[in-house]
Amino acid sequence: MPVEVQHMTIHELGTRLRARTTSALDLVKTVFERIDATAEATNTFISVCREESEAAAREADREIASGRFGPLTGIPIAIKDNICVNGAATTCGSRMLGQFYPCYDATVIERLRSGGAVIVGKTNMDEFAMGSSTETSFAGPCRNPWNLDRVAGGSSGGAAAAVASDQCIASLGTDTGGSIRQPASFCGVVGLKPTYGRVSRYGLVAFASSLDHIGPLTRDVRDAAILLGAISGNDRQDSTSADMPVPDFEEALSRDIAGMRLGIPREYFSDNLAPDVAAGIKEALGVLERSGALIRPVTLPHTRFAVATYYLIATAEASSNLARYDGVAYGHRASDCCELRDMYERTRSGAFGSEVKRRIMLGTFALTDGYYDAFYKKASQVRQLIRRDFEQAFQQCDVIITPTAPDAAGRIGEKISDPLSMYCDDICTVSANLAGLPAVSVPCGFTTQGLPIGMQIIGDSFQEDVLLRCAYWYEQQTKWHLHRAPLQ
Amino acid sequence: MKITDRAVMRVADLARLRFSPDERAELAVQLNRILEYFESLTEVETAGVEPLTHDLRSAGALRPDDEQPCMSLDDVFCNAPDREKNFFKVPKIIEG
(Lines give C-alpha, C1' and ligand atoms only; values in the text may rest on other atoms or scores of the structure.)
Protein backbone atom coordinates (compact mmCIF):
# COMPACT_ATOMS: atom_id res chain seq x y z
CA MET A 1 0.00 0.00 0.00
CA PRO A 2 1.74 3.16 -1.13
CA VAL A 3 2.00 5.85 1.49
CA GLU A 4 -0.10 8.76 0.28
CA VAL A 5 2.14 11.58 1.37
CA GLN A 6 0.25 14.16 -0.65
CA HIS A 7 -2.74 13.66 1.74
CA MET A 8 -0.67 14.47 4.80
CA THR A 9 -0.43 17.61 6.87
CA ILE A 10 2.59 19.85 7.45
CA HIS A 11 3.07 18.42 10.94
CA GLU A 12 2.77 14.77 9.83
CA LEU A 13 5.21 15.34 6.98
CA GLY A 14 7.64 17.16 9.26
CA THR A 15 8.01 13.98 11.28
CA ARG A 16 8.51 11.81 8.18
CA LEU A 17 10.96 14.20 6.52
CA ARG A 18 13.10 14.50 9.65
CA ALA A 19 13.07 10.73 10.13
CA ARG A 20 14.06 10.47 6.43
CA THR A 21 11.24 8.00 5.71
CA THR A 22 10.24 10.43 2.94
CA SER A 23 12.50 12.83 1.07
CA ALA A 24 11.44 16.34 0.12
CA LEU A 25 12.24 15.48 -3.50
CA ASP A 26 9.96 12.42 -3.49
CA LEU A 27 7.27 14.46 -1.80
CA VAL A 28 7.29 17.26 -4.37
CA LYS A 29 7.38 14.72 -7.24
CA THR A 30 4.33 12.98 -5.76
CA VAL A 31 2.56 16.33 -5.44
CA PHE A 32 3.33 17.09 -9.09
CA GLU A 33 1.96 13.68 -10.13
CA ARG A 34 -1.25 14.68 -8.37
CA ILE A 35 -1.19 18.10 -10.05
CA ASP A 36 -0.67 16.50 -13.47
CA ALA A 37 -3.56 14.11 -12.87
CA THR A 38 -6.15 16.52 -11.43
CA ALA A 39 -5.27 20.21 -11.70
CA GLU A 40 -6.71 20.62 -15.18
CA ALA A 41 -10.12 19.40 -14.01
CA THR A 42 -10.19 21.91 -11.16
CA ASN A 43 -8.24 24.61 -13.08
CA THR A 44 -6.37 25.34 -9.88
CA PHE A 45 -3.08 26.77 -11.14
CA ILE A 46 -2.26 29.69 -13.41
CA SER A 47 1.38 28.55 -13.45
CA VAL A 48 3.51 25.89 -11.79
CA CYS A 49 7.21 25.96 -10.88
CA ARG A 50 8.33 22.43 -11.54
CA GLU A 51 12.11 22.82 -11.91
CA GLU A 52 12.42 25.47 -9.20
CA SER A 53 10.45 23.37 -6.74
CA GLU A 54 12.63 20.30 -7.38
CA ALA A 55 15.73 22.42 -6.81
CA ALA A 56 14.22 23.78 -3.59
CA ALA A 57 13.31 20.24 -2.50
CA ARG A 58 16.88 19.01 -3.08
CA GLU A 59 18.16 21.92 -1.01
CA ALA A 60 15.65 21.07 1.73
CA ASP A 61 16.89 17.45 1.77
CA ARG A 62 20.48 18.72 2.14
CA GLU A 63 19.42 20.93 5.05
CA ILE A 64 17.60 18.07 6.74
CA ALA A 65 20.64 15.79 6.29
CA SER A 66 22.80 18.44 7.98
CA GLY A 67 20.40 18.58 10.91
CA ARG A 68 19.00 21.98 9.99
CA PHE A 69 15.22 22.02 9.63
CA GLY A 70 12.14 23.91 10.68
CA PRO A 71 8.45 23.02 10.50
CA LEU A 72 8.20 24.04 6.83
CA THR A 73 11.41 22.51 5.48
CA GLY A 74 10.60 20.55 2.34
CA ILE A 75 6.85 21.29 2.46
CA PRO A 76 5.18 21.98 -0.94
CA ILE A 77 3.11 25.15 -0.74
CA ALA A 78 0.99 26.89 -3.39
CA ILE A 79 0.74 30.67 -3.59
CA LYS A 80 -2.23 32.75 -4.74
CA ASP A 81 -1.28 34.60 -7.89
CA ASN A 82 -1.46 38.10 -6.44
CA ILE A 83 1.54 37.51 -4.18
CA CYS A 84 4.87 38.34 -5.83
CA VAL A 85 7.24 35.42 -6.32
CA ASN A 86 10.55 36.45 -7.89
CA GLY A 87 10.85 35.22 -11.45
CA ALA A 88 7.40 33.60 -11.54
CA ALA A 89 4.55 35.18 -13.46
CA THR A 90 2.30 37.04 -11.01
CA THR A 91 -0.86 37.69 -13.00
CA CYS A 92 -3.55 38.45 -10.40
CA GLY A 93 -5.85 36.48 -12.71
CA SER A 94 -5.79 39.40 -15.15
CA ARG A 95 -4.73 40.13 -18.72
CA MET A 96 -3.33 43.36 -17.30
CA LEU A 97 -0.53 41.41 -15.60
CA GLY A 98 -0.62 38.30 -17.78
CA GLN A 99 3.10 38.65 -18.58
CA PHE A 100 4.28 40.34 -15.40
CA TYR A 101 7.36 38.83 -13.74
CA PRO A 102 8.24 40.48 -10.41
CA CYS A 103 11.94 40.79 -9.67
CA TYR A 104 11.45 40.45 -5.93
CA ASP A 105 9.75 38.15 -3.44
CA ALA A 106 6.92 39.28 -1.20
CA THR A 107 7.98 39.28 2.46
CA VAL A 108 5.79 36.23 3.13
CA ILE A 109 7.60 34.40 0.32
CA GLU A 110 11.01 35.35 1.73
CA ARG A 111 9.89 33.94 5.07
CA LEU A 112 8.62 30.72 3.49
CA ARG A 113 11.86 30.30 1.53
CA SER A 114 14.09 30.92 4.52
CA GLY A 115 11.99 28.31 6.33
CA GLY A 116 12.82 25.80 3.57
CA ALA A 117 9.34 25.62 2.05
CA VAL A 118 8.98 24.47 -1.56
CA ILE A 119 6.82 26.71 -3.75
CA VAL A 120 4.96 24.60 -6.32
CA GLY A 121 2.88 27.13 -8.23
CA LYS A 122 0.61 30.18 -8.41
CA THR A 123 -3.07 29.56 -7.88
CA ASN A 124 -6.10 30.74 -9.81
CA MET A 125 -8.09 33.66 -8.43
CA ASP A 126 -10.76 36.20 -9.25
CA GLU A 127 -9.23 39.04 -11.24
CA PHE A 128 -7.36 41.39 -8.88
CA ALA A 129 -9.06 39.53 -6.02
CA MET A 130 -12.42 41.03 -6.97
CA GLY A 131 -14.97 38.28 -6.71
CA SER A 132 -16.38 35.53 -4.53
CA SER A 133 -16.26 32.58 -6.90
CA THR A 134 -13.01 32.59 -8.93
CA GLU A 135 -15.10 33.05 -12.08
CA THR A 136 -13.66 36.40 -13.15
CA SER A 137 -10.14 35.06 -13.73
CA PHE A 138 -8.67 35.46 -17.23
CA ALA A 139 -7.65 31.81 -16.88
CA GLY A 140 -11.23 30.57 -16.54
CA PRO A 141 -13.16 29.44 -13.46
CA CYS A 142 -11.70 27.29 -10.73
CA ARG A 143 -13.85 24.21 -10.04
CA ASN A 144 -14.72 22.77 -6.66
CA PRO A 145 -12.99 19.41 -6.02
CA TRP A 146 -16.12 18.18 -4.16
CA ASN A 147 -18.27 18.80 -7.25
CA LEU A 148 -16.74 20.06 -10.48
CA ASP A 149 -19.97 21.86 -11.53
CA ARG A 150 -19.67 24.09 -8.48
CA VAL A 151 -17.49 27.09 -7.74
CA ALA A 152 -14.50 26.77 -5.44
CA GLY A 153 -15.38 30.13 -3.92
CA GLY A 154 -13.29 33.27 -4.24
CA SER A 155 -11.23 35.10 -4.64
CA SER A 156 -8.72 32.51 -3.31
CA GLY A 157 -10.56 29.65 -5.05
CA GLY A 158 -7.41 28.08 -6.46
CA ALA A 159 -5.60 28.21 -3.12
CA ALA A 160 -8.50 26.42 -1.41
CA ALA A 161 -9.05 23.90 -4.21
CA ALA A 162 -5.33 23.06 -4.28
CA VAL A 163 -5.32 22.07 -0.60
CA ALA A 164 -8.63 20.21 -0.87
CA SER A 165 -7.38 18.28 -3.92
CA ASP A 166 -3.98 17.34 -2.45
CA GLN A 167 -2.29 19.39 -5.19
CA CYS A 168 -0.18 20.98 -2.43
CA ILE A 169 0.16 20.52 1.33
CA ALA A 170 -0.90 24.07 2.21
CA SER A 171 -1.33 27.38 0.48
CA LEU A 172 -1.31 31.13 1.02
CA GLY A 173 -4.34 33.13 0.00
CA THR A 174 -5.55 36.68 0.51
CA ASP A 175 -8.68 38.02 2.16
CA THR A 176 -10.14 41.47 1.60
CA GLY A 177 -13.84 40.71 2.25
CA GLY A 178 -13.75 36.96 2.95
CA SER A 179 -11.58 35.65 0.14
CA ILE A 180 -9.68 33.12 2.26
CA ARG A 181 -12.50 32.05 4.56
CA GLN A 182 -15.33 31.61 2.05
CA PRO A 183 -13.39 29.40 -0.42
CA ALA A 184 -12.06 27.45 2.58
CA SER A 185 -15.64 26.78 3.67
CA PHE A 186 -16.73 25.86 0.11
CA CYS A 187 -13.78 23.45 -0.28
CA GLY A 188 -13.81 21.90 3.20
CA VAL A 189 -10.44 23.22 4.38
CA VAL A 190 -9.22 25.57 7.12
CA GLY A 191 -8.76 29.22 6.07
CA LEU A 192 -7.50 31.92 8.39
CA LYS A 193 -7.48 35.70 8.02
CA PRO A 194 -5.09 37.17 10.63
CA THR A 195 -5.48 40.48 12.45
CA TYR A 196 -4.71 43.42 10.14
CA GLY A 197 -1.01 44.14 10.52
CA ARG A 198 -0.10 40.65 11.78
CA VAL A 199 1.29 39.59 8.38
CA SER A 200 3.22 41.91 6.06
CA ARG A 201 1.50 42.97 2.83
CA TYR A 202 4.79 43.86 1.12
CA GLY A 203 4.70 42.12 -2.25
CA LEU A 204 0.92 41.61 -2.21
CA VAL A 205 -0.61 43.31 -5.21
CA ALA A 206 -2.97 45.81 -3.58
CA PHE A 207 -6.73 45.71 -4.04
CA ALA A 208 -7.96 47.62 -0.95
CA SER A 209 -5.07 48.57 1.29
CA SER A 210 -6.98 48.91 4.56
CA LEU A 211 -8.80 45.60 4.03
CA ASP A 212 -6.27 43.25 2.34
CA HIS A 213 -4.75 40.41 4.38
CA ILE A 214 -2.54 37.41 3.54
CA GLY A 215 -3.28 34.14 5.37
CA PRO A 216 -2.96 30.34 5.32
CA LEU A 217 -5.27 27.68 3.85
CA THR A 218 -4.53 24.25 5.30
CA ARG A 219 -5.83 20.73 5.91
CA ASP A 220 -6.16 21.22 9.66
CA VAL A 221 -5.93 23.83 12.41
CA ARG A 222 -2.47 22.79 13.59
CA ASP A 223 -1.11 23.44 10.09
CA ALA A 224 -2.79 26.86 10.05
CA ALA A 225 -1.07 27.67 13.36
CA ILE A 226 2.30 26.57 11.99
CA LEU A 227 1.99 28.46 8.70
CA LEU A 228 0.63 31.59 10.40
CA GLY A 229 3.60 31.59 12.76
CA ALA A 230 6.01 31.31 9.84
CA ILE A 231 4.67 34.33 7.96
CA SER A 232 3.74 36.64 10.88
CA GLY A 233 5.77 39.46 12.31
CA ASN A 234 6.68 43.10 11.89
CA ASP A 235 8.11 44.13 8.52
CA ARG A 236 9.77 47.50 7.91
CA GLN A 237 8.73 47.27 4.26
CA ASP A 238 5.04 47.52 5.25
CA SER A 239 4.21 50.62 7.25
CA THR A 240 0.88 49.09 8.32
CA SER A 241 2.67 46.08 9.77
CA ALA A 242 2.10 45.85 13.52
CA ASP A 243 4.97 45.88 15.97
CA MET A 244 3.48 43.08 18.04
CA PRO A 245 5.23 39.98 19.34
CA VAL A 246 4.28 36.75 17.58
CA PRO A 247 3.13 34.10 20.07
CA ASP A 248 3.72 30.39 19.55
CA PHE A 249 0.39 29.68 17.86
CA GLU A 250 0.92 25.91 17.95
CA GLU A 251 1.51 25.93 21.70
CA ALA A 252 -1.84 27.69 22.14
CA LEU A 253 -3.67 24.63 20.78
CA SER A 254 -2.94 22.50 23.81
CA ARG A 255 -5.06 24.45 26.30
CA ASP A 256 -8.69 23.38 26.66
CA ILE A 257 -11.77 25.53 26.12
CA ALA A 258 -13.65 25.01 29.37
CA GLY A 259 -15.18 28.33 30.28
CA MET A 260 -14.46 29.94 26.90
CA ARG A 261 -17.34 32.33 26.17
CA LEU A 262 -18.73 31.97 22.63
CA GLY A 263 -20.60 35.04 21.40
CA ILE A 264 -23.46 34.18 19.05
CA PRO A 265 -24.62 37.32 17.18
CA ARG A 266 -28.29 37.05 16.28
CA GLU A 267 -27.82 39.19 13.15
CA TYR A 268 -25.84 36.37 11.49
CA PHE A 269 -28.60 33.80 11.98
CA SER A 270 -31.40 35.23 9.86
CA ASP A 271 -33.88 33.44 7.61
CA ASN A 272 -31.46 33.98 4.69
CA LEU A 273 -29.25 31.19 6.02
CA ALA A 274 -29.57 27.92 4.07
CA PRO A 275 -31.22 25.29 6.33
CA ASP A 276 -28.26 22.89 6.04
CA VAL A 277 -25.87 25.65 7.11
CA ALA A 278 -28.05 26.68 10.06
CA ALA A 279 -28.30 23.05 11.17
CA GLY A 280 -24.54 22.50 10.79
CA ILE A 281 -23.66 25.51 12.93
CA LYS A 282 -26.23 24.59 15.56
CA GLU A 283 -24.73 21.12 15.83
CA ALA A 284 -21.24 22.62 16.05
CA LEU A 285 -22.30 24.87 18.92
CA GLY A 286 -23.61 21.78 20.70
CA VAL A 287 -20.19 20.12 20.35
CA LEU A 288 -18.46 23.21 21.75
CA GLU A 289 -20.88 23.46 24.67
CA ARG A 290 -20.28 19.82 25.56
CA SER A 291 -16.53 20.65 25.62
CA GLY A 292 -17.21 23.17 28.37
CA ALA A 293 -17.61 26.39 26.39
CA LEU A 294 -20.35 28.84 27.35
CA ILE A 295 -22.85 30.25 24.86
CA ARG A 296 -23.43 34.00 25.11
CA PRO A 297 -25.98 35.72 22.86
CA VAL A 298 -24.53 39.01 21.64
CA THR A 299 -25.59 41.66 19.19
CA LEU A 300 -23.71 43.36 16.36
CA PRO A 301 -26.39 45.90 15.45
CA HIS A 302 -24.72 47.42 12.37
CA THR A 303 -24.28 44.07 10.59
CA ARG A 304 -26.98 44.84 8.01
CA PHE A 305 -24.92 47.81 6.79
CA ALA A 306 -21.69 45.83 6.49
CA VAL A 307 -21.95 44.84 2.81
CA ALA A 308 -22.70 48.41 1.67
CA THR A 309 -19.93 49.76 3.92
CA TYR A 310 -17.47 47.20 2.64
CA TYR A 311 -18.20 47.63 -1.04
CA LEU A 312 -18.04 51.44 -0.85
CA ILE A 313 -14.68 51.43 0.92
CA ALA A 314 -13.17 48.52 -1.02
CA THR A 315 -14.13 49.90 -4.43
CA ALA A 316 -12.93 53.40 -3.51
CA GLU A 317 -9.55 52.04 -2.41
CA ALA A 318 -9.41 49.79 -5.46
CA SER A 319 -10.04 52.69 -7.84
CA SER A 320 -6.98 54.33 -6.34
CA ASN A 321 -4.80 51.20 -6.23
CA LEU A 322 -5.62 50.20 -9.79
CA ALA A 323 -4.84 53.64 -11.19
CA ARG A 324 -1.23 52.46 -11.52
CA TYR A 325 -2.16 50.13 -14.39
CA ASP A 326 -1.56 52.60 -17.18
CA GLY A 327 0.68 50.70 -19.59
CA VAL A 328 3.71 52.89 -18.84
CA ALA A 329 6.18 50.89 -16.77
CA TYR A 330 4.89 47.31 -16.57
CA GLY A 331 1.92 45.17 -17.42
CA HIS A 332 -0.15 45.26 -20.56
CA ARG A 333 0.08 48.15 -23.01
CA ALA A 334 -2.39 48.54 -25.87
CA SER A 335 -0.71 48.53 -29.25
CA ASP A 336 -0.65 51.24 -31.89
CA CYS A 337 -1.50 54.10 -29.60
CA CYS A 338 -0.62 57.44 -31.12
CA GLU A 339 -1.31 59.49 -28.05
CA LEU A 340 -0.83 59.10 -24.29
CA ARG A 341 -4.39 59.39 -23.11
CA ASP A 342 -5.50 56.99 -25.80
CA MET A 343 -2.90 54.55 -24.47
CA TYR A 344 -4.23 54.85 -20.91
CA GLU A 345 -7.84 54.31 -21.93
CA ARG A 346 -7.28 51.50 -24.40
CA THR A 347 -4.79 49.72 -22.12
CA ARG A 348 -7.12 49.79 -19.15
CA SER A 349 -10.35 49.11 -21.02
CA GLY A 350 -8.79 46.30 -23.03
CA ALA A 351 -7.03 44.46 -20.22
CA PHE A 352 -9.36 44.77 -17.23
CA GLY A 353 -12.36 42.43 -17.03
CA SER A 354 -15.89 43.71 -16.55
CA GLU A 355 -16.12 43.16 -12.78
CA VAL A 356 -12.87 45.07 -12.24
CA LYS A 357 -14.08 47.91 -14.43
CA ARG A 358 -17.42 47.98 -12.63
CA ARG A 359 -15.70 48.26 -9.25
CA ILE A 360 -13.30 50.95 -10.45
CA MET A 361 -16.30 52.93 -11.69
CA LEU A 362 -18.15 52.48 -8.37
CA GLY A 363 -15.12 53.48 -6.36
CA THR A 364 -14.30 56.48 -8.54
CA PHE A 365 -17.91 57.59 -8.22
CA ALA A 366 -17.82 57.25 -4.42
CA LEU A 367 -14.82 59.56 -4.27
CA THR A 368 -15.95 62.27 -6.68
CA ASP A 369 -16.70 65.79 -5.62
CA GLY A 370 -20.26 66.03 -4.41
CA TYR A 371 -20.53 62.35 -3.48
CA TYR A 372 -17.46 61.85 -1.25
CA ASP A 373 -19.27 62.79 1.98
CA ALA A 374 -22.42 60.84 1.23
CA PHE A 375 -20.60 57.70 0.18
CA TYR A 376 -16.96 57.23 1.17
CA LYS A 377 -16.91 59.35 4.32
CA LYS A 378 -20.26 57.95 5.46
CA ALA A 379 -19.06 54.39 4.91
CA SER A 380 -15.91 55.12 6.93
CA GLN A 381 -18.03 56.37 9.79
CA VAL A 382 -20.26 53.28 9.70
CA ARG A 383 -17.04 51.24 9.65
CA GLN A 384 -16.14 52.83 12.99
CA LEU A 385 -19.55 51.84 14.39
CA ILE A 386 -19.11 48.27 13.13
CA ARG A 387 -15.77 48.12 14.92
CA ARG A 388 -17.36 49.46 18.10
CA ASP A 389 -20.05 46.76 17.88
CA PHE A 390 -17.27 44.16 18.10
CA GLU A 391 -15.52 45.97 20.97
CA GLN A 392 -18.78 45.89 22.92
CA ALA A 393 -19.42 42.24 22.10
CA PHE A 394 -15.91 41.18 23.15
CA GLN A 395 -16.60 42.50 26.62
CA GLN A 396 -19.02 39.62 27.01
CA CYS A 397 -17.31 36.86 25.05
CA ASP A 398 -13.91 35.53 24.02
CA VAL A 399 -14.72 34.58 20.43
CA ILE A 400 -17.69 35.11 18.13
CA ILE A 401 -19.14 32.18 16.14
CA THR A 402 -21.05 32.54 12.88
CA PRO A 403 -21.50 30.65 9.63
CA THR A 404 -18.74 31.49 7.12
CA ALA A 405 -21.26 31.89 4.28
CA PRO A 406 -25.07 31.83 4.01
CA ASP A 407 -24.93 28.75 1.79
CA ALA A 408 -22.54 26.16 0.37
CA ALA A 409 -20.95 26.48 -3.09
CA GLY A 410 -23.28 27.48 -5.91
CA ARG A 411 -23.11 26.33 -9.53
CA ILE A 412 -20.61 27.84 -11.92
CA GLY A 413 -22.30 30.61 -13.89
CA GLU A 414 -25.22 30.94 -11.49
CA LYS A 415 -24.46 34.31 -9.92
CA ILE A 416 -21.86 35.94 -12.13
CA SER A 417 -24.43 38.04 -14.01
CA ASP A 418 -25.92 39.48 -10.81
CA PRO A 419 -23.13 41.36 -9.04
CA LEU A 420 -25.26 42.76 -6.23
CA SER A 421 -26.53 39.30 -5.30
CA MET A 422 -22.92 38.05 -5.18
CA TYR A 423 -21.91 41.01 -2.99
CA CYS A 424 -24.69 40.24 -0.51
CA ASP A 425 -23.38 36.70 0.01
CA ASP A 426 -20.30 38.21 1.65
CA ILE A 427 -22.41 39.31 4.62
CA CYS A 428 -20.80 36.87 7.08
CA THR A 429 -17.19 37.73 6.29
CA VAL A 430 -16.80 41.46 5.46
CA SER A 431 -17.17 42.77 9.03
CA ALA A 432 -13.95 41.09 10.17
CA ASN A 433 -12.08 42.93 7.42
CA LEU A 434 -13.75 46.25 8.25
CA ALA A 435 -12.81 45.85 11.92
CA GLY A 436 -9.37 44.32 11.23
CA LEU A 437 -10.15 41.29 13.42
CA PRO A 438 -8.74 37.78 13.01
CA ALA A 439 -11.16 35.12 11.80
CA VAL A 440 -10.91 31.48 10.77
CA SER A 441 -13.22 29.15 8.87
CA VAL A 442 -13.18 25.48 9.86
CA PRO A 443 -15.05 22.64 8.17
CA CYS A 444 -18.21 21.82 10.11
CA GLY A 445 -20.03 19.28 8.01
CA PHE A 446 -21.73 18.85 4.67
CA THR A 447 -25.04 19.74 3.06
CA THR A 448 -27.44 17.00 2.03
CA GLN A 449 -25.84 17.33 -1.43
CA GLY A 450 -22.39 16.56 -0.04
CA LEU A 451 -21.01 20.10 -0.23
CA PRO A 452 -18.77 21.38 2.59
CA ILE A 453 -20.04 23.86 5.18
CA GLY A 454 -17.78 26.18 7.16
CA MET A 455 -18.05 27.66 10.64
CA GLN A 456 -16.40 31.02 11.24
CA ILE A 457 -14.70 31.94 14.52
CA ILE A 458 -13.86 35.62 14.96
CA GLY A 459 -11.38 36.72 17.61
CA ASP A 460 -10.39 39.99 19.18
CA SER A 461 -7.40 41.90 17.80
CA PHE A 462 -4.15 39.91 17.85
CA GLN A 463 -5.88 37.01 19.62
CA GLU A 464 -5.35 34.42 16.90
CA ASP A 465 -4.19 32.07 19.66
CA VAL A 466 -7.66 32.14 21.28
CA LEU A 467 -9.52 31.51 18.06
CA LEU A 468 -7.08 28.75 17.03
CA ARG A 469 -7.61 27.05 20.37
CA CYS A 470 -11.40 27.08 19.88
CA ALA A 471 -11.05 25.90 16.26
CA TYR A 472 -8.65 23.10 17.26
CA TRP A 473 -10.90 21.76 20.02
CA TYR A 474 -13.88 21.70 17.68
CA GLU A 475 -11.89 20.01 14.93
CA GLN A 476 -10.54 17.30 17.23
CA GLN A 477 -14.05 16.47 18.48
CA THR A 478 -15.54 16.15 15.00
CA LYS A 479 -12.81 15.10 12.49
CA TRP A 480 -14.51 16.78 9.49
CA HIS A 481 -11.01 17.62 8.23
CA LEU A 482 -10.31 13.92 7.62
CA HIS A 483 -12.91 13.74 4.84
CA ARG A 484 -11.41 13.78 1.34
CA ALA A 485 -12.80 15.32 -1.81
CA PRO A 486 -13.74 12.54 -4.27
CA LEU A 487 -11.54 13.94 -7.05
CA GLN A 488 -9.76 11.30 -9.14
CA MET B 1 -30.45 58.66 -7.14
CA LYS B 2 -30.33 58.19 -10.85
CA ILE B 3 -27.02 57.91 -12.65
CA THR B 4 -27.22 59.59 -16.02
CA ASP B 5 -25.25 58.63 -19.07
CA ARG B 6 -23.43 61.93 -18.67
CA ALA B 7 -22.37 60.99 -15.13
CA VAL B 8 -21.12 57.60 -16.34
CA MET B 9 -19.05 59.34 -19.02
CA ARG B 10 -17.60 61.75 -16.49
CA VAL B 11 -16.61 58.97 -14.09
CA ALA B 12 -15.19 56.87 -16.93
CA ASP B 13 -13.12 59.86 -17.94
CA LEU B 14 -11.73 60.20 -14.41
CA ALA B 15 -10.94 56.50 -14.31
CA ARG B 16 -9.36 56.53 -17.76
CA LEU B 17 -11.78 53.86 -18.95
CA ARG B 18 -13.59 53.82 -22.26
CA PHE B 19 -16.99 52.24 -22.86
CA SER B 20 -19.26 51.88 -25.87
CA PRO B 21 -22.74 53.49 -25.59
CA ASP B 22 -24.27 50.04 -24.96
CA GLU B 23 -21.74 49.29 -22.24
CA ARG B 24 -22.44 52.68 -20.66
CA ALA B 25 -26.17 51.99 -20.66
CA GLU B 26 -25.67 48.60 -18.99
CA LEU B 27 -23.27 50.12 -16.47
CA ALA B 28 -25.75 52.86 -15.61
CA VAL B 29 -28.38 50.22 -14.77
CA GLN B 30 -25.96 48.15 -12.66
CA LEU B 31 -24.44 51.13 -10.89
CA ASN B 32 -27.88 52.53 -10.14
CA ARG B 33 -28.96 49.28 -8.57
CA ILE B 34 -25.82 49.01 -6.46
CA LEU B 35 -25.79 52.67 -5.39
CA GLU B 36 -29.45 52.40 -4.44
CA TYR B 37 -28.47 49.56 -2.13
CA PHE B 38 -25.66 51.69 -0.68
CA GLU B 39 -28.16 54.40 0.17
CA SER B 40 -29.25 52.25 3.12
CA LEU B 41 -26.28 53.83 4.92
CA THR B 42 -28.26 57.07 5.21
CA GLU B 43 -30.30 55.30 7.92
CA VAL B 44 -27.27 55.20 10.21
CA GLU B 45 -26.81 58.04 12.67
CA THR B 46 -23.15 59.06 12.33
CA ALA B 47 -23.04 62.61 13.72
CA GLY B 48 -19.78 63.04 15.59
CA VAL B 49 -18.44 59.62 14.60
CA GLU B 50 -14.79 59.65 13.56
CA PRO B 51 -14.24 57.90 10.19
CA LEU B 52 -12.20 54.70 10.56
CA THR B 53 -9.54 54.30 7.91
CA HIS B 54 -7.00 52.04 9.59
CA ASP B 55 -6.03 50.54 12.90
CA LEU B 56 -3.97 53.19 14.71
CA ARG B 57 -1.73 50.53 16.24
CA SER B 58 -0.27 49.80 12.84
CA ALA B 59 0.17 53.35 11.60
CA GLY B 60 3.01 55.82 11.44
CA ALA B 61 6.17 53.78 11.11
CA LEU B 62 8.91 56.27 10.23
CA ARG B 63 12.63 55.86 9.68
CA PRO B 64 15.51 58.33 9.33
CA ASP B 65 15.73 59.77 5.83
CA ASP B 66 18.89 57.81 4.93
CA GLU B 67 19.70 56.44 1.53
CA GLN B 68 18.92 52.71 1.41
CA PRO B 69 19.70 50.26 -1.37
CA CYS B 70 16.76 49.68 -3.68
CA MET B 71 16.04 48.01 -7.01
CA SER B 72 18.69 48.01 -9.73
CA LEU B 73 17.80 49.85 -12.92
CA ASP B 74 17.58 46.60 -14.84
CA ASP B 75 15.09 45.29 -12.30
CA VAL B 76 13.08 48.50 -12.54
CA PHE B 77 12.82 48.05 -16.30
CA CYS B 78 12.41 44.28 -16.28
CA ASN B 79 8.75 44.47 -17.32
CA ALA B 80 8.90 47.69 -19.33
CA PRO B 81 6.75 47.63 -22.48
CA ASP B 82 9.11 50.09 -24.20
CA ARG B 83 12.46 51.15 -22.79
CA GLU B 84 14.86 53.65 -24.28
CA LYS B 85 18.10 53.95 -22.28
CA ASN B 86 16.81 54.70 -18.78
CA PHE B 87 13.42 56.00 -19.84
CA PHE B 88 10.02 54.40 -20.22
CA LYS B 89 8.99 55.38 -23.72
CA VAL B 90 5.33 56.37 -24.16
CA PRO B 91 3.25 58.02 -26.92
CA LYS B 92 3.32 61.79 -26.87
CA ILE B 93 0.63 63.95 -25.36
CA ILE B 94 -1.38 65.77 -27.98
CA GLU B 95 -2.99 68.90 -26.56
CA GLY B 96 -6.59 68.91 -27.64
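Proteins come first, then strands; the chains are lettered A, B, ... in the order of their sequence lines, and each starts at number 1. Not measured: the values here are computed from a predicted model.
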Checking heavy atoms, do the side chain of [X], its backbone, both or neither come under 4.5 Å from chain A?
| X | result |
| --- | --- |
| B:Ser72 | neither |
| B:Glu23 | neither |
| B:Phe19 | side chain |

- [ ] Might you work through the salt bridge (Lys or Arg N to Asp or Glu O under 4.0 Å) test for B:Arg33 and A:Asp418, ending with a clear yes or no?
- [x] CA-CA 11 Å; B:Arg33 196 164 164 247; A:Asp418 188 358; 2.9 Å; yes

Please examine the side chains of [Y] and [X], heavy atoms only from C-beta on, and report whether any two atoms are closer than 4.5 Å.
| X | Y | value |
| --- | --- | --- |
| A:Arg358 | B:Ile34 | yes |
| A:Met343 | B:Val90 | yes |
| A:Glu345 | B:Leu17 | no |
| B:Glu39 | A:Lys378 | no |

Looking only at heavy atoms and a cut-off of under 4.5 Å, which of [options] has the most pairs with chain B?
| options | value |
| --- | --- |
| A:Cys103, A:Ala329, A:Ala374 | A:Ala329 |
| A:Thr364, A:Asp326, A:Leu322 | A:Thr364 |
| A:Cys338, A:Cys337, A:Pro419, A:Ala308 | A:Ala308 |
| A:Leu385, A:Thr347, A:Thr368 | A:Leu385 |
| A:Ile313, A:Val307, A:Asn234 | A:Val307 |
| A:Phe352, A:Tyr104, A:Tyr344 | A:Tyr344 |

TODO: Evaluate side chain to side chain contact (heavy atoms under 4.5 Å, CB included) for A:Tyr330 paired with B:Cys78, printing each intermediate quantity in order.
DONE: CA-CA 8 Å; A:Tyr330 52 85; B:Cys78 70; over 6 Å; no

Taking all non-hydrogen atoms of both residues, which atom of [X] and which atom of [Y] are closest, and how far apart?
| X | Y | value |
| --- | --- | --- |
| A:Asp342 | B:Arg18 | OD1-NH2, 2.9 Å |
| B:Val49 | A:Arg388 | CG1-NH2, 4.3 Å |
| B:Pro81 | A:Gly327 | CG-O, 3.5 Å |
| B:Leu31 | A:Leu362 | CD2-CG, 3.6 Å |

Task: Top contributor to chain A contacts, counting heavy-atom pairs under 4.5 Å, from B:Leu27, B:Leu14, B:Thr46, B:Val8 - done: B:Thr46

[X] [atom1] to [Y] [atom2] distance, which is reported to the nearest 0.5 Å:
| X | Y | atom1 | atom2 | answer |
| --- | --- | --- | --- | --- |
| B:Leu41 | A:Leu312 | CG | CG | 6.0 Å |
| B:Arg16 | A:Arg346 | CZ | CZ | 15.5 Å |
| A:Tyr311 | B:Leu35 | OH | CG | 14.0 Å |
| B:Arg24 | A:Met361 | CZ | CE | 9.5 Å |

Open item on the list: I'd like to know if the side chain of B:Asn79 and the backbone of A:Tyr101 have a donor-acceptor N/O pair within less than 3.5 Å.
Closed with: yes

Task: Heavy-atom donor-acceptor pair, A:Gln384 side chain to B:Glu50 backbone, under 3.5 Å - done: yes

Task: Ion pair check, A:Arg341 and B:Asp13, cut-off under 4.0 Å - done: yes

Is it the backbone or the side chain of [X] that comes under 4.5 Å from a heavy atom of chain B, or both, or neither?
| X | value |
| --- | --- |
| A:Ile386 | neither |
| A:Arg348 | both |
| A:His302 | side chain |
| A:Tyr423 | side chain |

